[in-house]
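Have a look at the structure below before the remarks.
Chain naming here is simple, since letters A, B, ... match the order of the sequence lines and numbering starts at 1 in each.
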There are 2 protein chains.
Amino acid sequence: MRLNQATDYAMRAILYLSGLPYGQVIEAKLISEEERIPIRFLLKILRLLIQANIVQSHRGVNGGYSLAKPASAITMLDVVEAVEGPIAINRCLHSPEECNKFFSKHCPVHEALFEMQECMKEHLGRYNFQMLRERVK
Amino acid sequence: MRLNQATDYAMRAILYLSGLPYGQVIEAKLISEEERIPIRFLLKILRLLIQANIVQSHRGVNGGYSLAKPASAITMLDVVEAVEGPIAINRCLHSPEECNKFFSKHCPVHEALFEMQECMKEHLGRYNFQMLRERVK
DNA sequence: TGAAATGTTTACTGAAAAGGTATAGTTTAT
DNA sequence: ATAAACTATACCTTTTCAGTAAACATTTCA
């Protein structure tokens, strides 16, 4: 019931990028040092964020990474799902055929977990990185 | 970001016990068969639930398990914490010294995650097994 | 009183996921 | 043409998950 280390790193990286003037490109190494994230691992995570259209990469000399859209348009939910895939608090809620008992509208445990899951998603979706950035200052 | 299989089994076992007349003792094998939980694994989980004072065991012939308190006094949070330990959405929120950047009041990501964590705990704490049992019928 | 039915304790195992590293590229500014 | 960036793929080590096994302890009741 824990977020990955990778997700934590991802959020810190995005928070860092959100503190720069919009559109500014910055190399991975710098993010790695500022946020104390192992460089190789960071590069791997950044690729997930590119796929999710959260950051953009720029190759070649003076290349690096920048946000793909304004910080105000990036939520914590976006980042979590980019790194971990869709949130599913329980196996059943991900793929009902994995439920070895009774995935059905009549399983109150799974119903309650589903409600909680949606609540979490709403919660994460409410925070964008512009807001979070403002809280840093 | 998922609950264990063990937690899912635990909740189903408790839901099952909650459907019996209060105080009734039932052997693990029956729970195992009804809920399709591997017996050895169930026994292991039941021990965690005993430690958390959620179920009681009765040894010897005609032994088995029963709830240690009324279903209305057992919440989903109790069961989750009994099986998985205290909820911590993020390493930092569990033990700040594991935070390799900045666990502090000034890390807005961790603050936001903490809020979400508390929200989840409230949510899970609101469901007791009497309520859940009523939803089965 | 002793055999059978229950739970208890401790240890083990195989597979998957987490977390991170390595190597050999490709692209681009200068 | 070269160096500074990113990319792709594969690999590795450790931990966690999910489950199993074997030997033991307790209780009932015939």
Side-chain angles (χ1 to χ4, degrees), chain A residues 1-13 17 24-33 35-52 54-66 68 80 83-85 88-92 94 98-101, chain B residues 1-13 17 24-33 35-51 54-66 68 80 83-85 88-92 94-95 98-101:
Chain A
M1 191 60 152
R2 219 170 261 196
L3 292 168
N4 291 343
Q5 189 59 33
T7 304
D8 192 64
Y9 286 155
M11 290 199 280
R12 278 158 41 190
L17 289 172
Q24 179 160 346
V25 174
I26 197 157
E27 62 212 273
K29 190 151 174 273
L30 206 48
I31 303 175
S32 153
E33 284 164 2
E35 297 294 330
R36 298 195 203 166
I37 304 171
I39 178 67
R40 298 281 187 185
F41 197 31
L42 174 61
L43 288 168
K44 194 172 181 175
I45 295 165
L46 284 168
R47 256 168 282 129
L48 296 172
L49 295 171
I50 290 168
Q51 281 171 36
I54 292 170
V55 306
Q56 257 185 326
S57 71
H58 306 264
R59 305 177 72 166
V61 175
N62 300 325
Y65 299 87
S66 63
V80 171
V83 178
E84 307 203 352
I89 235 45
N90 194 287
R91 291 220 282 230
C92 294
H94 178 245
E98 283 197 66
C99 186
N100 53 0
K101 179 67 201 305
Chain B
M1 188 63 152
R2 217 170 262 192
L3 293 168
N4 290 346
Q5 189 58 34
T7 304
D8 191 65
Y9 287 156
M11 290 201 277
R12 278 157 43 188
L17 288 172
Q24 179 161 344
V25 174
I26 196 157
E27 63 212 271
K29 190 151 175 277
L30 205 50
I31 304 176
S32 153
E33 284 164 3
E35 298 293 331
R36 301 197 201 161
I37 303 171
I39 178 68
R40 296 283 186 181
F41 197 31
L42 174 61
L43 289 167
K44 196 172 179 175
I45 294 165
L46 285 167
R47 258 169 283 126
L48 296 172
L49 296 171
I50 290 169
Q51 281 171 34
I54 292 171
V55 308
Q56 256 185 327
S57 70
H58 307 264
R59 303 178 71 165
V61 175
N62 300 327
Y65 298 87
S66 63
V80 171
V83 177
E84 307 203 351
I89 236 44
N90 193 288
R91 292 218 283 229
C92 296
H94 179 245
S95 51
E98 283 198 66
C99 187
N100 52 359
K101 180 66 202 307

DNA chain D: B:Ile39 or A:Lys29, which has the more 5' nearest nucleotide?
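Checking each residue's closest nucleotide, the 5'-ward one belongs to A:Lys29.
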
How far does OH of A:Tyr65 sit from CG of A:Leu43, to the nearest 0.5 angstrom?
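One finds 5.0 Å between OH of A:Tyr65 and CG of A:Leu43.
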
Distance (rounded to the nearest 0.5 Å) between B:Ile31 CD1 and B:Leu17 CG
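Result: 4.5 Å between the selected atoms.
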
Shortest non-hydrogen separation from [X] to [Y] and the atoms involved:
{"X": "A:Arg12", "Y": "A:Glu35", "answer": "NH2-O, 2.7 Å"}
{"X": "A:Arg2", "Y": "B:Asn90", "answer": "CG-N, 3.9 Å"}
{"X": "A:Leu42", "Y": "A:Ala13", "answer": "CD1-CB, 4.3 Å"}
{"X": "B:Ala10", "Y": "B:Leu49", "answer": "CB-CD1, 4.2 Å"}
{"X": "A:Gln24", "Y": "A:Ser66", "answer": "O-CB, 3.2 Å"}

Specify the separation, in whole Å, of atom [atom1] of [X] and atom [atom2] of [N].
{"X": "B:Ile37", "N": "D:dA18", "atom1": "CD1", "atom2": "C1'", "result": "13 Å"}
{"X": "B:Leu42", "N": "C:dT8", "atom1": "CG", "atom2": "P", "result": "11 Å"}
{"X": "B:Phe41", "N": "C:dT9", "atom1": "CZ", "atom2": "P", "result": "18 Å"}
{"X": "B:Ile45", "N": "D:dA18", "atom1": "CD1", "atom2": "P", "result": "9 Å"}
{"X": "A:Glu27", "N": "D:dA3", "atom1": "CD", "atom2": "P", "result": "17 Å"}
{"X": "B:Gln56", "N": "C:dT6", "atom1": "CD", "atom2": "C1'", "result": "16 Å"}

Is any side-chain nitrogen or oxygen of B:Tyr9 closer than 4.0 Å to OP1 or OP2 of D:dG19?
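Affirmative; the distance criterion is met.
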
Less than 4.0 angstrom between a side-chain N/O of B:Asn62 and OP1 or OP2 of D:dT27, yes or no?
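No, outside the criterion.
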
Interface polar pairs with nucleotides 7-11 of chain D, N/O, under 3.5 angstrom:
from, atom 1, to, atom 2, distance (Å)
D:dT7, OP1, A:Ser57, OG, 2.7
D:dT7, OP2, A:Tyr65, OH, 3.0

How do A:Ala6 and A:Gly60 order along DNA chain C: which one's closest nucleotide is nearer the 5' end?
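First, find each residue's nearest nucleotide; the 5'-ward one identifies A:Ala6.
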
Side chain of A:Val61 only, heavy atoms from C-beta on: which candidate in C:dG20, D:dA18, D:dA3 is closest?
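Nearest to the side chain of A:Val61 among the choices is D:dA3.
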
Between the protein and nucleotides 12-17 of chain D, which nitrogen or oxygen pairs are less than 3.5 angstrom apart?
from, atom 1, to, atom 2, distance (Å)
D:dC17, OP1, B:Asn4, OD1, 3.4

Are any side-chain N or O atoms of B:Glu84 and backbone N or O atoms of B:Leu3, one a donor and one an acceptor, separated by less than 3.5 Å?
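Checked: no pair found.
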
Salt bridge (charged side-chain N to carboxylate O under 4.0 Å, His left out) with A:Lys44: which residues, sequence neighbours excluded?
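A:Lys44 satisfies salt bridge (charged side-chain N to carboxylate O under 4.0 Å, His left out) with no other residue.
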
